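Here is how names work: the chains are called A, B, and so on, in the same order as the sequence lines, proteins then strands, and each is numbered from 1. The structure presented is a predicted model; accordingly, all values stated were derived computationally and were not measured.
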Amino acid sequence: MSSSALPGFRDFYPDELARRAHVFRAWRAVAHRYAFVEYDGPPLEPLDLYTKKSGDEIVGQLYNFTDKGKRDVALRPEMTPTFARMVAARANALRKPVRWFSIPQLFRYERAQRGRLREHFQLNVDIVGEESEVADAELLAVAIDIMRELGLTARDVRARVSDRRMLNGILLTLGVAEAQVPAVYGVMDKVARQPREASVAKLGEAGLAPALVERVLRLASGVTFAALQAEFGEAPAAREPIERVARYLDHLAALGVGDWVELDLSIVRGLAYYTGIVFELFDAKGELRAICGGGRYDTLLRAFGNADLPALGFGMGDVVLGELLTERGLWPADAQEPVDFHLVAGNGAGQRPYADALRLVAALRGAGFSVNHAMSGERYLSQATRNQVDGARKAGATSAIYFREDGAVEAVSLLGKMTGAATHSLPADAAIRGDQAVLDSLREWLHQQRDSAR
RNA sequence: GUGGCUGUAGCUCAGUCGGUUAGAGCAUCGGAUUGUGGUUCCGAGGGUCGCGGGUUCGAUUCCCGUCAGCCACCCCA
């Protein structure tokens, strides 16, 4: 209690770090499968990188300070400005389309609660230089495939998609004035989280006629894409974006993730910079915060320099995702990477100098095995073998290894429940010498033990 | 930033209608005549009962404040 991490910050004990690594592994594996390459930027950035686009009110949620060189700086609260700056700086030199991903730790000074801390790790996946909606489909497919990689199914997680251009066209067709659109977005974004009367009141304040209010709320509370097509497919303002979304949904189906996706016009995304297709991933039970969110932001790179390139991306945090994996029991059982061998004392231990035990350990490590031992010659020779073997098993070793009376070294498997555990013996002197053939036979035996334990 | 609920061992929790030295399980460490197991048994360490103040002969227990956690707003990554 006396010493703990700052509020909203986490200590990662080995089991927790193993879980984090499990998520990172899935992120990297899938990103690589989709031919994205990893990059990173500085965790500390000039303050105005964030205030320039979002205004000064964001400073209240930043970890910012003045450094010893009198620069106003901030811990990064999101990756997109860094990414945009990096791409813009070399926009002409980069081969397009750019497919980059990163796993930054992000910081935000806010009241911490479930699913939201003051620090988290967030996978960022971005594509720059591709206008086609195929890129949008590719991007969402990455996010969904990560769910699969972690053992989640379309029954656990849903992808909700929308398109700001399409929504805009539909609203204009319905008779919403251009100036009222932002207010309508704000209401639609909150329609599931605030009482209906509040939505009605806000739309009324924005100047919408009661009949129009009803239409807008019906759109926000669930319509099929087929219904939208039937109603607005021929409207001049909506026709083109609707066709684009139709192609997008077809691409998603062809990429094998169609089952996960549904249209939801209330997905607006809070950030002002999205310009086209947007999406979020939610747990299907609706108990947790969004797992992931992203979309197209075609005008953002222009704001960070002379790069006028279409772009799209998403962010996926480790916190909500971790909670979902916990709820579904999807963490791997063996969190820690098992150690190959644990040296214990055998009947032959006393016949040899203690240094031989260390030489054996070194020879095994030299052959690439991971090896643990007691780090005390006294305990090695005095502690009951039974306790040593027990300790080796608890420490996560696959096999115990010891000197036998007859001059051999023997390994005994700690896997499985059989009373007659598998053993493998090898000449001690050759093993200590690091004899390749002898150690290769040990490696083969170890692999057999692991395979048969599965 | 606003409001509500909750703080006892590393973890999960008992308990004290205010009264001697605050308990259990799990975990950790040592051991059970030193070569084969996830069992069992014995033993040990570990707590200013979140922190500060008040009431009281006496506070872990009641009251106030504060900090932290959870939840709902706010906001969103």
Is the base of B:G37 touched by the side chain of A:Asp390 through a donor-acceptor pair closer than 3.5 angstrom? no
Given that both distances must come in under 3.5 Å, which nucleotide forms a Watson-Crick or G-U wobble pair with B:G10? B:C26
Would you call the rings of A:Trp100 and A:Tyr39 parallel, tilted or perpendicular, where under 30° means parallel and over 60° means perpendicular? tilted
Take A:Arg76 and A:Leu49 through the test side-chain contact (heavy atoms from CB on, under 4.5 Å) and record every step on the way to the result. CA-CA 9 Å; A:Arg76 57 187 175 194; A:Leu49 186 67; over 6 Å; no
Does the side chain of A:Asp126 come under 3.5 Å of the side chain of A:Tyr297 through a donor N or O and an acceptor N or O? yes
Paired with B:C70 by Watson-Crick or G-U wobble geometry, both distances under 3.5 Å: which nucleotide is it? B:G4
Does the side chain of A:Glu119 come under 3.5 Å of the side chain of A:Gln105 through a donor N or O and an acceptor N or O? yes
Just call it for A:Gly8: base, sugar-phosphate, or nothing, with non-hydrogen atoms closer than 4.0 Å on any strand. sugar-phosphate
Using atom C1' in both nucleotides, what's the gap between B:C76 and B:A72 to the nearest angstrom? 16 Å
Atom CZ of A:Arg111 and atom P of B:C71: how far apart are they, to the nearest Å? 12 Å
OP1 or OP2 of B:C75 sitting under 4.0 Å from any side-chain N/O of A:Lys190? yes
When we call it a touch if two heavy atoms are under 4.0 Å apart, what does A:Val389 touch: a base, just sugar-phosphate, or nothing? nothing
Is the NZ or CZ atom of A:Arg20 both under 6.0 Å from the centre of the six-membered ring of A:Phe121 and within 45° of that ring's axis? yes
Heavy atoms from C-beta onward define the side chain here; which of B:G37, B:G35, B:C75 lies closest to that of A:Leu414? B:G37
Searching all strands shown, indicate the nucleotide that pairs with B:U34 (Watson-Crick or G-U wobble; both distances under 3.5 Å). none
Does B:G31 have OP1 or OP2 sitting under 4.0 Å from an N or O in the side chain of A:Gln383? yes
Using the P atom as the reference point in each nucleotide, state the distance between B:G7 and B:C13 in Å, no decimals. 11 Å
Looking at the side chain of A:Pro7, which of B:G37, B:A68, B:G31 is the nearest nucleotide? B:A68
Mind calculating the distance between CZ (A:Arg116) and C1' (B:C76) to the nearest angstrom? 6 Å
Mind checking A:Leu117 for me? I need base, sugar-phosphate or nothing, with any heavy atom below 4.0 Å counting as a touch. base
Pairwise C1' distance, B:C51 and B:U8 [rounded to whole Å]: 14 Å
Rounded distance in Å - OH (A:Tyr380) to P (B:G35): 13 Å
Distance between the P atoms of B:A27 and B:G38, in whole angstroms? 13 Å
B:C67 versus B:G50 - spacing of their C1' atoms, nearest Å: 8 Å
Using a 6.0 Å distance limit plus a 45 degree cone around the ring axis, check whether A:Arg160 lies over the aromatic ring of A:Phe282. yes
When rounded to the nearest Å, what value does the distance between P atoms of B:G18 and B:A59 take? 14 Å
5'-most contact on RNA chain B (nearest-nucleotide basis), A:Tyr109 vs A:Met316, goes to A:Tyr109
At under 4.0 Å between heavy atoms, what does A:Gln388 touch on the DNA or RNA strands: base, sugar-phosphate, or nothing? nothing
Which part of the nucleic acid, if any, lies within contact of A:Ala290, taking any heavy atom under 4.0 Å across all strands shown: a base, the sugar-phosphate backbone alone, or nothing? nothing
Whole angstrom is fine here: how far is it from CD in A:Glu110 over to C1' in B:C74? 9 Å
Regarding A:Ser399 and A:His342, do their side chains bring together a donor and an acceptor under 3.5 Å, going by distance alone? no
Both A:Lys394 and A:Gly346 contact RNA chain B. Which one's nearest nucleotide lies toward the 5' end? A:Lys394
Rounded to whole angstroms, how far apart are NZ on A:Lys202 and C1' on B:C74? 11 Å
Identity of whatever pairs with B:G65 - Watson-Crick or G-U, under 3.5 angstrom: B:C51
Please state the P separation for the pair B:G35 and B:G43 - nearest whole angstrom. 26 Å
Please report the distance, rounded to the nearest Å, between CZ in A:Arg379 and C1' in B:U34. 16 Å
Classify A:Phe403 by what it touches in the nucleic acid, base, sugar-phosphate, or nothing, heavy-atom distance under 4.0 Å. base
Taking any strand in view, what nucleotide pairs with B:C75 in a Watson-Crick or G-U wobble way, both distances under 3.5 Å? none
With distance as the sole criterion, is a donor-acceptor pair present between the side chains of A:Thr275 and A:Arg165 under 3.5 Å? no
Rounded to whole angstrom, note down the C1' distance from B:G54 over to B:A9. 29 Å
Whole angstrom is fine here: how far is it from NE2 in A:His342 over to C1' in B:G37? 14 Å
In this structure, how many angstroms lie between the C1' atom of B:C76 and the NE2 atom of A:His120, rounded? 10 Å
